[in-house]
A.B. asks: 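Take this structure first; my questions come after.
Atoms considered below: every heavy atom in the structure, side chains included; atoms not considered: hydrogens, waters and symmetry mates. Everything numeric here is computed off the predicted structure, so don't read it as measured data. Order of the sequence lines fixes the chain letters, A, B, ..., with proteins taken first and strands second; residue numbering starts at 1 for each chain.
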Protein chains: 2
Amino acid sequence: MSQMQNVEKQLREMILGLEIGPGERLTERWVESRFGASRTPVRAALLRLETEGLICRDGRGWTVSPINLAELEQIAVYREAVEVAALRLTCTLQDRSAVEIIEAMLDSCDDKTPREEWHRVGRDFHIELARLSGNEFLFRAVRDAMTRLSRARWLEVRDEAALGRAWAEHHAILSAVRAGDADSAARLLSAHIIGSRDRLVTSLRNDRRGLRARGFAVVA
Amino acid sequence: MSQMQNVEKQLREMILGLEIGPGERLTERWVESRFGASRTPVRAALLRLETEGLICRDGRGWTVSPINLAELEQIAVYREAVEVAALRLTCTLQDRSAVEIIEAMLDSCDDKTPREEWHRVGRDFHIELARLSGNEFLFRAVRDAMTRLSRARWLEVRDEAALGRAWAEHHAILSAVRAGDADSAARLLSAHIIGSRDRLVTSLRNDRRGLRARGFAVVA
DNA sequence: GATACCAATTTGGGATACCAAGCTGGTATC
DNA sequence: GATACCAGCTTGGTATCCCAAATTGGTATC
């Protein structure tokens, strides 16, 4: 793999994994030495991550994007639009076998699944569901939105009950799709996205003090 | 303005203005000499334009993205999702004054408006309509989609009647929004987007031979 | 003690040099 | 005459150097 893709990938992992906290300053020189690359690939990586919204310019310099509650609210509306569109498109395709692949993916998760896996599974559900639509733009939109949400979802305080509810909602959505009931599936998906958003934002708002204590910038 | 933004902007103008044809090869060295910049800003510009979909990697090297008919079809579905969502959001905001600004913008165009202005006005209508929603993600999605469509719309063979129809449809959509009739507005907008897409793709498909003769790559 | 100012360092933007991979054109051999 | 092969050139990827601007830290002055 080229150095450029390597820096980009590793830096993205560090940001998404909160090894570099939201709001932290980044210097090109630090990234250079951290990954043993030179400035050109570092710059390319930073430019890419900027378009993903993971980092942003801070006057002269770079900052890991803070957790932005207003942005989280807006992303949910955006997700609702594109995910529901993708879902309806999938329903018209009548490709039930593909849906069953996702169901199997969900079923492979049980109580023994380690908690940190839930994060990835929850994200992949939405991404793979969008991929089924066959529309590259809807798919990318969902994938990019989930990437932007990733850190916030990781910080969210979720109890077992909340995880179980999300799991059940995912299954219910797939059942409706498999049954060919696009309207029900769309309604369930909308409610799931908006409900998740509300719980997410509430959780972060309540824990804002704790997050700041950990050095994480959270803006309204 | 920095050199980097300058190269990016100028190169984008050249690509969107078809001064560099779809499918044409680009070398970093050529861009360097053309704009009198060195490789660093050129690289940055190319990376940005790649994320906008205006250029794409061609193995080793760069190519101005060909006109892709399948992509145009998919973009329309994507646009329908995000534009309708933005429209409905705008309706719930009940901000009629903002709508009237767009109406004024449209009204400022009359028969004396030069033809090349129609291209920009048609694009800006959709972008500004999305901006009204106040949702940054819906707005960006529409803006980026319209950018991707820009070259194809420029190549489209449109007669006066088609232009008048588009104009009328834009006005009808705004009237529905102003009347607070979200459902009608959404229906009109969907029909407008899909109808425009079908006419666009048909036009390009029919003229494919002519486009190739001009050196423009058009893929199915 | 506060503040204004200056120098030194840091930092991102840009330019250039170098390299490896791949393409091209020509040539030599069969 | 066709084909295989090799040299040279082109090109993107990477490293390094330079520069201007901005930040910083300290000092001198009020």
A.B. asks: Do the side-chain N or O atoms of Arg29(A) get closer than 4.0 angstrom to the phosphate oxygens (OP1, OP2) of dT9(C)?
C.D. replies: no
A.B. asks: Just to be sure I understand the rule, does Gly59(A) reach a base, reach only the sugar-phosphate, or reach nothing, if contact means heavy atoms closer than 4.0 Å?
C.D. replies: nothing
A.B. asks: Given dT14(D), dG12(C), dT16(C), which nucleotide is nearest the side-chain atoms of Ser38(B)?
C.D. replies: dT16(C)
A.B. asks: Hunt down the Watson-Crick or G-U wobble partner of dT29(D), both distances under 3.5 Å, from any strand shown, or write none.
C.D. replies: dA2(C)
A.B. asks: Measure CZ/Phe35(B) against P/dG14(C) and give the value in whole Å, please.
C.D. replies: 15 Å
A.B. asks: In this structure, how many angstroms lie between the P atom of dT10(C) and the CH2 atom of Trp62(A), rounded?
C.D. replies: 22 Å
A.B. asks: Which nucleotide wins on minimum distance to the side chain of Ala37(B), given the candidates dA15(C), dA17(C), dG12(C)?
C.D. replies: dA15(C)
A.B. asks: With a 4.0 Å cut-off, would you call Arg120(B) and Glu117(B) a salt bridge?
C.D. replies: yes
A.B. asks: Rounded to whole angstroms, how far apart are CD on Glu32(B) and C1' on dG14(C)?
C.D. replies: 11 Å
A.B. asks: Whole-Å distance between dT14(D) P and Glu8(A) CD?
C.D. replies: 12 Å
A.B. asks: Has Arg39(B) got a side-chain N or O lying under 4.0 Å from the OP1 or OP2 atom of dT16(C)?
C.D. replies: no
A.B. asks: Do any side-chain atoms of residues 205-220 of chain B form donor-acceptor pairs under 3.5 angstrom with protein atoms, and if so which ones, sequence neighbours left out?
C.D. replies:
residue	atom	partner	partner atom	Å
Asn206(B)	ND2	Thr202(B)	O	3.4
Arg208(B)	NH2	Val218(B)	O	3.2
Arg212(B)	NH2	Val218(B)	O	2.8

A.B. asks: Can you tell me how far P of dA22(D) sits from CD of Glu28(A), to the nearest Å?
C.D. replies: 16 Å
A.B. asks: Indicate, with a heavy-atom threshold strictly under 4.0 Å, whether Leu46(B) touches base, sugar-phosphate, or nothing.
C.D. replies: nothing
A.B. asks: When the ring planes of Trp154(A) and His119(A) are compared, do they come out parallel, tilted or perpendicular, using 30° and 60° as the limits?
C.D. replies: perpendicular
A.B. asks: Does one side chain, of His126(B) or Arg143(B), offer a donor that lies under 3.5 Å from an acceptor on the other?
C.D. replies: no
A.B. asks: Salt bridge check: are Glu52(B) and Arg48(B) linked by an N-O gap of less than 4.0 Å?
C.D. replies: no
A.B. asks: Which nucleotide wins on minimum distance to the side chain of Arg43(B), given the candidates dG13(D), dG14(C), dG12(C)?
C.D. replies: dG13(D)
A.B. asks: In terms of side-chain heavy atoms of Thr40(A), which of dT14(D), dG14(C), dG13(D) is nearest?
C.D. replies: dT14(D)
A.B. asks: Any strand counts, and the cut-off is 3.5 Å on both contacts for Watson-Crick or G-U wobble. Which nucleotide pairs with dT23(D)?
C.D. replies: dA8(C)
A.B. asks: May I have the distance from Arg48(B) (atom CZ) to dG13(C) (atom P), rounded to whole angstrom?
C.D. replies: 9 Å
A.B. asks: Check the distance between dG13(C)'s C1' and Asn6(B)'s CG and give it to me in whole angstrom.
C.D. replies: 14 Å
